[in-house]
Amino acid sequence: MASNSTTSTTFLASSLLLALTISQVSYAEPQNPRLGGMTSVNQNDRNAFSRPSANLSPLRQLDFKVGNSFFKAPWVMAPASTTARDGLGPLINTNACQNCHLKDGRGHVPAYNPDRDAMTDQAVSLFLRLSRPALTEADKQQQAKYGPLPDPVYGGQLQNMATPGITPEGEMKLTYTTKTVTYPDGRETELRVPHYELINPAYGQPTAGLHMSPRIAPLMVGLGLLELVSEQDILANADPDDRNNDGISGKANYVWDRQKQATALGRFGWKAAEPSLKQQNSGAFAGDMGLTTSLHPDTDCTSSQPCEKSVSGGTPEVPDKTLNHVTFYTQHLAVPIQRASDSEEVQQGYQHFKNAGCNQCHIEHWTTGKASDRPELSNQKIRPFTDLLLHDMGEGLADNRPEYLANGREWRTAPLWGVGVNKVVTGQENYLHDGRARTLEEAILWHGGEAEISRNHYMALDNDQRQQLLQFLESL
Ligand code: HEC
Ligand code: HEC
């Protein structure tokens with residue numbers, strides 16, 4: 001097993017200076033523990049991510065419940081006695097949304113045995129997005145406007161499961177090496193470096209130079225609030241060419257909106273490649289479960305695969321009414337209230353978070369816009385800790401796979417609300433886009449590229465201060 005330390009622990013005087021300048025900014029906004037405004041719920045047990053917005057009327061809670069049932073329940077193959085949930089497959093990752101978004105929290109990475117350097121169970125909530133490289137100018141334009149170019153045989157995603165009688169596409173193989181990071185005070189931490197391979201491809205060799213991007217299912221709370229932050233407010237933080245010279249760019253992704261048939265701001269997914277929850281959900285039905293919708297009349301099954309063998313569950317297989325109920329559900333999952341927000345440790349940690357410049361990307365305060373059909377989510381003062389923009393996070397986190405305007409090193413700033421509750425809900429910790437970080441500390445240590453100065457600032461704190469910063473994250 002390779003063990004090498006590449007993370008530099010020396011940092012330039014200029015980065016210190018910058019960090020000091022950041023810390024002088026004053027913050028007038030109050031620290032309301034209701035991270036999701038009036039929608040927030042006071043719950044931090046195993047069901048903390050499954051509650052409807054606190055201000056949702058009993059009547060509207062019924063819609064939430066219907067959406068929940070389609071999110072939770074397994075879909076089945078057609079023909080079936082239930083026509084409401086049939087049409088599954090043939091190529092799938094699993095048969096229910098909830099199997100990946102565990103209890104509405106994030107997914108798990110597959111179990112791994114270090115002695116054998118091998119996975120010991122099937123990957124479910126971590127899958128590989130696939131695409132072929134853009135070789136010509138026309139390819140590049142197509143990619144930038146309509147998104148990644150699917151592999152001609154395997155499509156846009158590896159489906160490692162299938163309905164009976166159909167061969168799954170192949171398997172994801174995950175192994176790890178380790179990398180030691182040494183703090184300025186001499187303390188050492190070991191990171192695990194994941195390596196991905198597509199093995200046993202069942203339909204022939206994929207394209208030469210196939211791009212693969214591992215993605216873990218993110219947690220589901222507060223998404224309807226993020227959907228309502230205005231584009232104008234988001235763009236106010238964008239600085240793609242880093243004109244203010246702070247080392248942090250922040251780039252909006254622009255993606256294809258299937259409903260509007262036009263380009264729109266991307267908000268959802270680890271690279272902000274989906275413009276709305278409806279389209280994200282529709283893509284999940286089609287890509288993860290082989291179910292067609294009005295927005296995705298085709299699944300990820302290509303003409304080189306035996307898709308016609310499977311019986312259709314209708315046209316589309318997921319009726320609009322169902323897609324709308326699921327979308328309502330994903331819009332109204334509530335964010336838990338911040339815990340111990342007044343404690344001395346959390347308050348100190350919050351100061352270190354700001355001093356380290358974490359909040360340059362993990363932007364704290366927003367006010368949602370207005371949507372007449374979503375009054376509960378409208379005009380809410382929220383603290384999601386994201387700018388919804390893309391940042392170059394360095395070579396260590398790079399997937400080298402472009403997605404619309406996001407390049408192979410860029411990721412959308414992950415929201416931090418709920419980050420401290422996730423382990424209670426799902427019983428595991430695995431942060432970042434592929435779940436490689438086993439602790440919040442590891443997640444910070446992986447920050448490179450535009451976030452390197454900030455990471456170095458964190459590393460230069462003394463041990464007590466670092467613990468305080470982590471306690472602040474735990475409170476969210
Ligand atoms: C096989 C696992 C899997 C299944 C099944 C699944 N998801 Fe996901 N989900 C993911 C992954 C992985 C992502 C991140 C995708 C990306 O970055 O491209 C995601 C992202 C999302 C997001 C965006 C969250 C964010 O923070 O941006 C929503 C909403 C979502 N899924 C809803 C659903 C719904 C609804 C279903 C069922 C119809 C579903 N998912 C089924 C794995 C899954
Ligand atoms: C340059 C922008 C930037 C800065 C500065 C930054 N982050 Fe991040 N952060 C990101 C992005 C982008 C991701 C998602 C990266 C990925 O998944 O590969 C992320 C992810 C995280 C995560 C994991 C969240 C999850 O759900 O998996 C944590 C925790 C985190 N950041 C904390 C911090 C802390 C603490 C600091 C300050 C020491 C910081 N970040 C500074 C951009 C930034």
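Both counts, for ligands and for their atoms, begin at 1 and track the order of listing. For the numbers below, each heavy atom of this structure counts, side chains included, while hydrogens, waters and symmetry mates do not.
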Check for me whether Leu469 has a heavy atom closer than 4.0 Å to any atom of ligand 2.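 Yes.
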Check contact between Glu410 and ligand 2, using heavy atoms of the residue and a distance below 4.0 angstrom.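 No heavy atom of Glu410 comes that close to ligand 2.
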Within 45° of the ring axis of Trp366 and under 6.0 Å from its six-membered ring centre, is that where the NZ or CZ of Arg383 lies?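 No, Arg383 does not sit over the ring of Trp366.
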Counting backbone and side-chain atoms alike, does Cys100 have an N/O/S atom under 2.8 Å from atom 8 (Fe) of ligand 1?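 Checking Cys100: none of its N, O or S atoms is under 2.8 Å.
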Please find the pair of heavy atoms, one from Asn160 and one from Ala123, that lie closest to each other, and give the distance.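 Nearest pair, atom of Asn160 first, then Ala123: ND2-O, 3.0 Å.
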State the atoms of ligand 1, each with its element, that fall below the 4.0 Å cut-off from a heavy-atom position in Met289.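 Under 4.0 Å from Met289, ligand 1 has these atoms: 37 (C), 38 (C).
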Please write down residue, atom name and distance for the protein heavy atom closest to [atom].
atom: atom 36 (C) of ligand 1; result: Cys97 SG, 2.8 Å
atom: atom 18 (O) of ligand 2; result: His433 ND1, 2.7 Å
atom: atom 15 (C) of ligand 1; result: Arg129 NH2, 3.5 Å

Quick one: do Glu274 and Arg258 make a salt bridge, cutoff under 4.0 Å?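 Salt bridge flag = no for Arg258 with Glu274.
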List-wise, which protein N, O or S atoms are found short of 2.8 Å from atom 8 (Fe) of ligand 2?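 You should have found His362 NE2, His447 NE2.
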On a heavy-atom basis, I'd like to know which of Gln280, Arg412, Gln157 is closest to atom 21 (C) of ligand 1.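 It is Gln280 that holds the nearest heavy atom.
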For atom 10 (C) of ligand 2, which of Glu450, Glu442, Met393 has the closest heavy atom?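 Looking at heavy atoms only, the winner is Met393.
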Close side-chain approach of His211 to Arg132, heavy-atom, < 4.5 Å: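 In short, these two side chains do not touch, never coming nearer than 4.5 Å.
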Side-chain heavy atoms of Arg267 within contact of Ile234, under 4.5 Å: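 In contact.
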For atom 8 (Fe) of ligand 1, what is the closest N, O or S atom on His101?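 Checking each N, O and S atom of His101, the shortest distance to atom 8 (Fe) of ligand 1 belongs to NE2.
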How does Leu432 reach ligand 2, if at all, at less than 4.0 Å between non-hydrogen atoms: by side chain, backbone, both, or neither?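 Answer for Leu432: both.
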Under the criterion ring-ring contact (aromatic ring centres under 6.0 Å, His included), I'd like the reasoning laid out for Tyr146 against Tyr404: C-alpha separation, chi angles, the key distance, then a yes or no. CA-CA 7 Å; Tyr146 297 109; Tyr404 294 97; 8.6 Å; no
